[in-house]
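Below is one structure, written out as C-alpha cells, with a few remarks after it.
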Number of protein chains: 2
Amino acid sequence: MTAAQQEAAPKPSSDEISQQIVTDINKGALSPGEWLKQIDLEKRYGCTRIKVRDALTNLHSKRLVEHIPNRGYRVPQPDPLRIRQVGEVRALLECHAAVDVIALATDADIEILRGLAEDFKQAAYHGSSFAQIEANYAFHGKLYSFCRNDVLRETMLDLRQRGPAAPVGQWQTMDQLQKATQGHFDLIDAIEKRDLPLLQARITSHISGSSTAPDAG
Amino acid sequence: MTAAQQEAAPKPSSDEISQQIVTDINKGALSPGEWLKQIDLEKRYGCTRIKVRDALTNLHSKRLVEHIPNRGYRVPQPDPLRIRQVGEVRALLECHAAVDVIALATDADIEILRGLAEDFKQAAYHGSSFAQIEANYAFHGKLYSFCRNDVLRETMLDLRQRGPAAPVGQWQTMDQLQKATQGHFDLIDAIEKRDLPLLQARITSHISGSSTAPDAG
DNA sequence: TTTTTCTAAATTGGCGCCAATTTTGTGGAA
DNA sequence: TTCCACAAAATTGGCGCCAATTTAGAAAAA
C-alpha cells in the first residue's frame with residue numbers, strides 16, 4: 001500500500017473525496033491556479049475516476065473550484081473583492097445568529113469556547129497554517145451550533161468554505177494573527193456580558209478583519 | 001421527433017437539465033414525494049443517462065432534491081418549518097440588499113418594477129400557479145439585480161429556489177395571493193420614498209407572509 | 001534566431017455495460 | 001383469507017473504454 005491510500009480504506013464516498021480536496025486546498029497541497037487533473041487526484045486519494053469526477057462536480061456546484069469545459073477544474077485564485085463580499089455576507093448572517101448564541105450559550109459552553117480560543121492561540125504561535133484554519137473552524141463551528149435556524153447554519157457553513165481560498169492570504173501577517181486571536185476572546189467577553197450589540201459589532205469587526213488584506217507599506 | 005424533445009435541440013448541458021427539472025417541480029409536473037426515476041427523466045428530456053445523473057447530483061448538492069442511496073432521488077415534501085427558516089434568511093439578506101436598491105434604483109427602474117408587479121397581478125388573477133411563480137421570480141430578480149455584492153446576490157438566488165418547494169403551498173389561498181400582489185406595490189412605494197426602514201419592514205413582512213402557512217379555520 | 005505549422009501526447013467528457021440493491025409479483029403455508 | 005417467503009423484474013450506482021478537444025513539442029520556413 002502506498003502512502004497515498006493511507007486514509008479511509010475501502011469505499012470513500014464522493015463527499016469524502018470532496019472534503020479531502022478542500023482540506024488539501026487549505027493545507028496548501030493544492031495551490032491556487034493549479035489544475036486539478038483527474039489522474040493525479042485518482043492516485044492521490046487512491047480512488048476511482050468516477051469518485052473524483054463526482055467530487056469535482058460537487059465542489060464546482062458549491063463554487064469551490066472553477067470549471068472550464070474541456071480544460072478541467074482548478075483551484076480558484078483568491079480574489080480580494082470576492083473575499084470581502086463573502087465576509088460581508090458572513091458577518092450579516094453571524095450577527096443574526098448572535099441572538100441565539102446569547103440566548104442559548106451556557107456557562108459551560110462559554111468555557112468550551114474559551115478552550116477553542118486557546119487552541120487557536122496556540123496554533124497561531126506554534127502551529128501550521130492549516131492548524132490555524134482548523135482551530136478557527138472549530139471555534140466558529142461551536143458558535144454556529146447554537147443557531148436554531150438550520151438553513152441559516154447551513155448557509156453559514158457553506159459560505160465559510162468560500163472565504164479566503166487558501167491559507168496564503170488569510171492571515172498573512174503576525175499582526176493579523178494576533179488580531180484574530182484577540183478577536184475570539186473579545187467575542188467570548190461579549191457573550192458573557194450578554195451584550196448583543198457589542199457581540200454583533202465585534203463579529204463584524206472580527207470577520208471583516210480576516211477578510212481584508214493588510215495595507216501594503 | 002416526439003413532444004418530449006421539443007426544447008433545446010442538440011446538446012443540453014446538465015445545468016440546463018437541472019433547470020428543467022426545477023421548472024417541472026415548480027410547474028407541478030413532478031410532485032413532492034415522487035421518485036425521480038432516471039429512465040423517466042431520460043425520456044422526458046430526451047437526453048442521455050449521464051446528463052440526468054449529473055443534473056440530479058447538482059440538484060442534490062444544492063439541497064433541491066433528496067437522495068437516498070440505492071433508492072434514488074425524489075422531490076422533497078414541503079416542510080413548513082424549513083420554509084419558514086428559508087424565509088427568515090431570505091428576509092435578512094434582502095433587507096441588507098435593500099440599501100443598494102434604494103441607492104441605485106432609478107425612476108426608470110421603478111417603472112420596470114411596476115410593470116413586473118402588474119405582471120404578477122395579472123398572473124395572480126388569470127394565470128396558472130406556474131405563471132405566478134415565474135412572475136414573482138421576475139419581480140424579485142429585478143430587485144436582486146441592484147445588489148452590488150455578487151456573493152450576496154448569488155446566495156439570495158440559491159436560497160430562493162429552496163423556498164416553498166412546490167406551487168402547492170406557496171399561495172394556497174386567494175387572500176395570500178392578494179397580500180403578495182399588494183406587497184409588491186408596497187415595496188415599490190417604499191423604494192420611491194427612498195425610505196430604507198420602511199422598505200426593510202415591508203420586505204420582511206412580504207417574505208414572511210409568503211412563507212407562513214395560513215391559519216386553519 | 002524567431003515564428004509558424006503540423007503532428008503526437010495527454011486530458012477531459014460521454015456512453016454502454018454489468019453488478020449490487022431494492023421493489024414488485026407470485027406461490028405456498030398457517 | 002391473511003401472512004410470509006421466495007423469485008423475477010426494475011432501478012440505481014460503478015467502472016472501463018473510446019471519441020473529442022486541448023496542449024505540448026518538434027520540425028520546417030522566414
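In the text below, chain A, chain B and the rest are named by the order of the sequence lines, each starting its count at 1.
The ring-ring contact (aromatic ring centres under 6.0 Å, His included) test applied to H140(A) returns H184(A), H206(A), not counting sequence neighbours. Taking D109(B) as the reference, T106(B), K142(B) meet the side chain to side chain donor-acceptor pair (under 3.5 Å) condition, with sequence neighbours excluded. For R153(A), the side chain to side chain donor-acceptor pair (under 3.5 Å) partners at least two apart in sequence or on another chain are D150(A).
Regarding W35(B), its CH2 atom lies at a distance of 13 Å from the C1' atom of dT21(C), rounded to whole Å. Atom-to-atom, CG of D54(B) to C1' of dG14(D) comes out at 14 Å; the value is rounded to the nearest Å. Summarising the geometry, the separation between CG on N58(B) and C1' on dG13(C) is reported as 15 Å, rounded to the nearest angstrom. Between the P atom of dG13(D) and the CG atom of L41(B) lies a distance of 12 Å, rounded to the nearest Å. Rounded to an integer number of Å, the gap from CD1 of I50(A) to P of dG16(C) is 14 Å.
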List the atom pairs, donor and acceptor, that lie under 3.5 Å between side-chain atoms in residues 65-74 of chain B and the rest of the protein, sequence neighbours left out.
{"residue": "E66(B)", "atom": "OE1", "partner": "R74(B)", "partner atom": "NE", "Å": "3.0"}

Sequence neighbours left out, cut at 3.5 Å: what donor-acceptor pairs do the side chains of residues 31-39 of chain B make with other protein atoms?
{"residue": "E34(B)", "atom": "OE1", "partner": "S31(B)", "partner atom": "N", "Å": "2.8"}
{"residue": "Q38(B)", "atom": "OE1", "partner": "R49(B)", "partner atom": "NH1", "Å": "3.3"}

Just list the side-chain donor-acceptor pairs under 3.5 Å for residues 114-126 of chain B, sequence neighbours left out, or say none.
{"residue": "R114(B)", "atom": "NE", "partner": "E111(B)", "partner atom": "OE2", "Å": "3.3"}
{"residue": "R114(B)", "atom": "NH2", "partner": "E111(B)", "partner atom": "OE2", "Å": "3.4"}
{"residue": "R114(B)", "atom": "NH2", "partner": "E192(B)", "partner atom": "OE2", "Å": "2.9"}

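In this model, the phosphate group of dC15(C) is approached by a side-chain N or O of T48(B) to a distance below 4.0 Å at OP1 or OP2.
Sorted by first and then second residue, the salt bridge (Lys or Arg N to Asp or Glu O under 4.0 Å) pairs with a member in residues 92-104 of chain B read R90(B)-E94(B), D100(B)-R148(B); sequence neighbours excluded.
Contact of R53(A) with dG14(C) (side chain to base): a donor-acceptor pair of N or O atoms is detected under 3.5 Å.
In summary, the side chains of D40(A) and Y45(A) do not present any donor paired with an acceptor at a separation below 3.5 Å, with no hydrogens or angles considered.
Over its full length, the helix from dT1(C)-dA30(D) to dA30(C)-dT1(D) turns its helical axis through 10°, comparing axes from the five pairs at each end and rounding to 10°.
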Heteroatom pairs (N/O) under 3.5 angstrom, protein to nucleotides 9-12 of chain D:
{"residue": "dT12(D)", "atom": "OP1", "partner": "Q38(B)", "partner atom": "N", "Å": "3.0"}
{"residue": "dT12(D)", "atom": "OP2", "partner": "Q38(B)", "partner atom": "N", "Å": "3.4"}

